[in-house]
Amino acid sequence: MKKLLINCLLLSVTGTLHAQDYDGFYQSQVNDQKKVEAEFLKTVDFNSFKQHLKTLTKEPHVAGSPANERVKDYMMETMQKAGWDVEVYPYDVYMSKNPGESVVELVLPIRKPLNQQEYILEEDPFSADPNLLKGWNAYSGSGDVTAEVVYANYGTKADFELLKEMGIDIEGKIVLARYGGNFRGYKAKFAQEYGAAGLLIFTDPKDSGFTRGLVYPEGLFYNESAIQRGSLLTEDFTGDPLTPFDPALPLDGDTDVKRLDPEETNLHKIPVTPIPYGSAREILEHMKGKPVPPSWQGGLPYTYRLEGGENLKVRVKVDQPRDFVRVHNVVGTLKGSERPDEWIILGCHYDAWGHGATDPNSGTAMLLSLSETLGQMENKPKRSILIGHWDAEEHGVIGSTEWVEQMKEELEAKAVAYINLDAAVSGRNFGAASSPTLKKLIIESSKEITFPDSAKTVFEIWAGDKEEPSIGNLGGGSDHIAFYMHVGVPSLNGGTGGPTLYHTNYDTFHFYEKFVDPTFKMGAAVEQLIGLISLRLANAEVIPYDVARYGKDLKLHFENAENQVKGYKSDFAGFTKTQMALEKLLDLGQKYEAALKSKMESGDLSPEVKDDLNTKLLGLEKSFIDPKGMYFGSWYRSLYASTDPFSGYASWMLPGIMYEIEQKETERLAEWDERYSAAISDLNAKIEELNNIL
């Protein structure tokens with residue numbers, strides 16, 4: 001209790017240090033909102049996060065496993081007790097729920113099986129759990145191959161192209177590649193395209209291992225047995241591989257969903273499995289070919305070589321059956337008191353490769369604590385707040401995608417924002433990525449929260465010596481994808497990062513307690529911040545989007561794109577039609593900001609006008625949703641942002657144009673000028689309507 005009182009005192013002090021913008025609130029309502037926020041901050045229980053995390057991570061819980069069902073039941077029970085209406089959404093997804101059978105062994109110059117699972121450590125009792133699985137890559141092909149070895153650095157598109165330039169034949173070989181540089185699925189995709197018979201992926205100690213510092217359990221880096229698991233799914237859409245654009249509803253349900261035949265998909269054919277660098281060392285030490293380029297050299301004490309030669313052969317066997325697996329999303333709703341059909345959605349997946357202490361369940365635990373806090377509050381939110389716990393994210397961002405596809409029409413009409421909190425309390429370094437309209441909101445809210453063990457606010461720690469903290473752009477790899485890039489819901493990804501044993505069997509409660517946050521204070525701090533953002537979105541009279549930010553951010557993105565095009569086409573005249581639309585957008589955004597501020601200060605908006613404003617604000621982001629979609633995948637419909645289709649993780653701003661730039665193409669640049677100018681003109685028309693209403 002003492003800690004809570006001290007924290008609240010600090011909050012009241014620090015709140016006076018920064019002028020606060022309560023966008024979307026009448027000036028006369030600001031004090032009432034401050035009281036609601038004070039009640040919320042006082043209600044946060046700093047012990048709750050630790051207890052939830054301990055329960056969620058007591059056993060490994062891969063999607064489709066009985067243990068993951070137990071996690072689902074615990075989340076449902078917790079939220080129902082907190083007063084939330086809870087609904088479960090089942091899906092039958094085509095996937096593997098375990099690695100099946102796999103073998104990696106040296107055949108020449110000696111016969112030797114290679115390790116495929118983490119060591120049991122006396123210091124970490126969780127590492128001895130009998131239900132922990134060996135290293136595996138979901139959606140690997142099945143096969144049993146024995147072949148020579150080629151080292152492909154990070155297995156990026158550029159790496160495979162360089163191998164070809166150097167005359168290295170990959171056909172029929174087993175490729176050895178290190179993690180990093182791109183999504184692991186693209187390593188498999190490129191290896192298969194170049195004719196490889198199989199693929200082994202390892203985390204090099206140069207990237208996370210003994211060359212970086214002490215290894216686990218003494219330190220926080222990968223030891224020689226640590227293995228990064230992960231999905232290989234690389235379809236040109238996100239979600240269940242058999243049901244693009246449609247939800248993978250239960251096979252025994254009332255709705256018949258058309259599913260692709262697995263042979264119609266682009267699922268990988270070659271066997272792929274991850275290994276630890278301790279096993280990679282046993283292969284690399286026998287390689288006798290030409291030395292690699294200097295930038296390809298890793299951290300093991302050998303000269304890395306391009307080929308192993310005919311006297312080095314490795315066997316890779318993977319027999320990983322795929323079938324329909326029942327997965328479940330758990331969605332709780334705290335119904336809004338005044339505008340229940342406007343939704344603020346928070347989410348995090350709950351399935352994990354092992355115990356999942358940082359990834360994902362630090363986010364899950366925080367959301368459970370937040371559901372308890374909001375459930376206790378006397379003042380209920382005016383808009384509905386939804387918390388989604390998504391299943392099968394680790395297999396390819398599946399659960400959230402199926403829900404978005406199922407709820408698409410409702411989301412288009414009702415979703416105010418989606419806030420993604422995957423692994424949201426994974427250290428003490430705060431960061432965020434966001435669509436333009438939500439950036440100001442997270443910045444302003446961060447000024448109100450005290451950073452644990454500090455007299456400073458989250459904002460002050462986050463911004464450092466800058467006037468405004470750096471906010472990234474949303475890329476791939478997590479559950480915001482369908483909300484933002486398929487349907488056009490303004491989205492935010494935020495939280496804290498730090499030490500990670502990413503996707504290994506060592507991502508345990510012991511690791512979290514020892515290295516990530518020994519004091520367990522960050523969970524409550526992140527809860528306070530996310531809760532504040534949610535309450536401001538929920539209670540504002542007018543949805544508090546930063547409309548003017550569209551023009552500012554787009555101006556920078558188009559300047560960057562034009563410079564990149566000029567890098568290979570020096571006479572490029574620019575996206576002239578888009579630039580004209582952009583100039584108007586900058587002007588309209590500033591006018592909206594001024595007009596709304598004036599109305600909020602005077603309190604002069606009728607209920608009908610407020611309804612009209614909010615309805616139209618919900619449609620702004622949809623201006624960037626193009627039914628034709630991207631040339632690299634029509635499922636990706638946002639002209640504003642998408643996952644980089646060549647790396648799988650990075651963010652592509654203006655993805656239609658970036659696809660042309662990546663390939664140094666010019667033929668479709670005029671088309672994209674038309675499509676982007678049309679989208680921005682549509683946005684301009686909507687903002688003009690808002691200004692006319694005001």
Side-chain angles (χ1 to χ4, degrees), residues 2-4 6-7 10-11 41 44-58 121 123-127 208 212-222 226 346 348-350 352-373 419-432 446 449-462 464 469 478 493-532:
K2 184 178 179 182
K3 287 182 182 177
L4 284 172
I6 291 171
N7 193 56
L10 284 171
L11 284 165
L41 294 169
V44 171
D45 180 354
F46 272 63
N47 296 313
S48 178
F49 172 82
K50 180 178 180 179
Q51 295 309 312
H52 286 311
L53 187 64
K54 201 171 202 176
T55 303
L56 290 165
T57 62
K58 65 184 179 182
L121 304 173
E123 298 90 338
D124 185 348
F126 296 95
S127 66
S208 179
R212 299 285 305 279
L214 293 173
V215 302
Y216 193 66
E218 189 178 3
L220 49 86
F221 294 102
Y222 279 46
L346 317 178
C348 174
H349 72 98
Y350 66 96
W353 291 110
H355 292 89
T358 58
D359 181 14
N361 295 129
S362 63
T364 315
M366 185 276 294
L367 283 175
L368 288 178
S369 299
L370 178 59
S371 70
E372 292 173 325
T373 305
I419 302 174
N420 194 50
L421 298 152
D422 185 0
V425 195
S426 296
R428 295 179 61 84
N429 303 313
F430 187 80
S446 72
I449 308 301
T450 302
F451 195 90
D453 305 312
S454 168
K456 294 183 177 182
T457 62
V458 169
F459 172 84
E460 290 169 319
I461 297 288
W462 181 21
S478 197
N493 203 335
T496 59
T500 178
L501 292 176
Y502 179 71
H503 287 191
T504 73
N505 281 346
Y506 295 138
D507 186 9
T508 64
F509 189 82
H510 176 270
F511 170 73
Y512 193 97
E513 190 169 34
K514 186 172 182 181
F515 292 110
V516 179
D517 182 22
T519 65
F520 285 93
K521 294 179 183 176
M522 294 306 298
V526 173
E527 179 189 344
Q528 288 182 324
L529 176 57
I530 299 304
L532 223 59

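The distance from the CG atom of Leu56 to the CZ atom of Phe509 is 10.5 Å, given to the nearest 0.5 Å. Expressed to the nearest 0.5 Å, how far OG of Ser362 lies from CG of Leu367 amounts to 9.5 Å. With rounding to the nearest 0.5 Å, the separation of OG in Ser454 from CZ in Arg428 is 8.5 Å. Separation of atoms CG (Leu501) and CG (Asp359) is listed at 11.5 Å; rounding is to 0.5 Å. Note: Ser446 OG to Leu529 CG = 6.5 Å, rounded to the nearest 0.5 Å. Taken to the nearest 0.5 Å, the CG atom of Leu220 stands 9.5 Å off from the OG1 atom of Thr500.
A donor-acceptor contact shorter than 3.5 Å is absent between the side chain of Thr57 and the backbone of Ala357. Of the possible polar contacts, none joining the Ser426 side chain to the Gly498 backbone as a donor-acceptor pair under 3.5 Å is found. For the pair His510 (side chain) and Glu123 (backbone), a donor-acceptor distance under 3.5 Å is present. Listed for the Gln51 side chain is no donor-acceptor partner under 3.5 Å among the backbone atoms of Ser48.
Between Lys514 and Asp124 there is no salt bridge, since none of the side-chain N atoms of the basic residue sits less than 4.0 Å from a carboxylate O of the acidic one.
Evaluated for a side-chain contact (heavy atoms from CB on, under 4.5 Å) with Ile449, the options Leu41, Val526, Ile461 yield exactly one hit, Leu41.
For the pair Asp517 and Phe49, the minimum side-chain heavy-atom distance is 4.5 Å or more. Side chains of Phe46 and Gln528 form a contact here, defined as non-hydrogen atoms less than 4.5 Å apart. The side-chain heavy atoms of Phe511 and Tyr506, taken from C-beta on, include no pair separated by under 4.5 Å. Proximity of Glu372 to Asp45: side-chain heavy atoms (C-beta onward) are nowhere separated by under 4.5 Å.
The minimum heavy-atom distance between Met522 and Pro452, with the atom names listed, is SD-CG, 3.5 Å. Between Tyr222 and Tyr502, the shortest heavy-atom contact is OH-O, 2.6 Å.
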* Might you work through the side-chain contact (heavy atoms from CB on, under 4.5 Å) test for Tyr512 and Asn361, ending with a clear yes or no? => CA-CA 11 Å; Tyr512 193 97; Asn361 295 129; over 6 Å; no

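Within a 6.0 Å radius of CD in Glu218, no more than 12 heavy atoms belonging to other residues, nucleotides or ligands are found.
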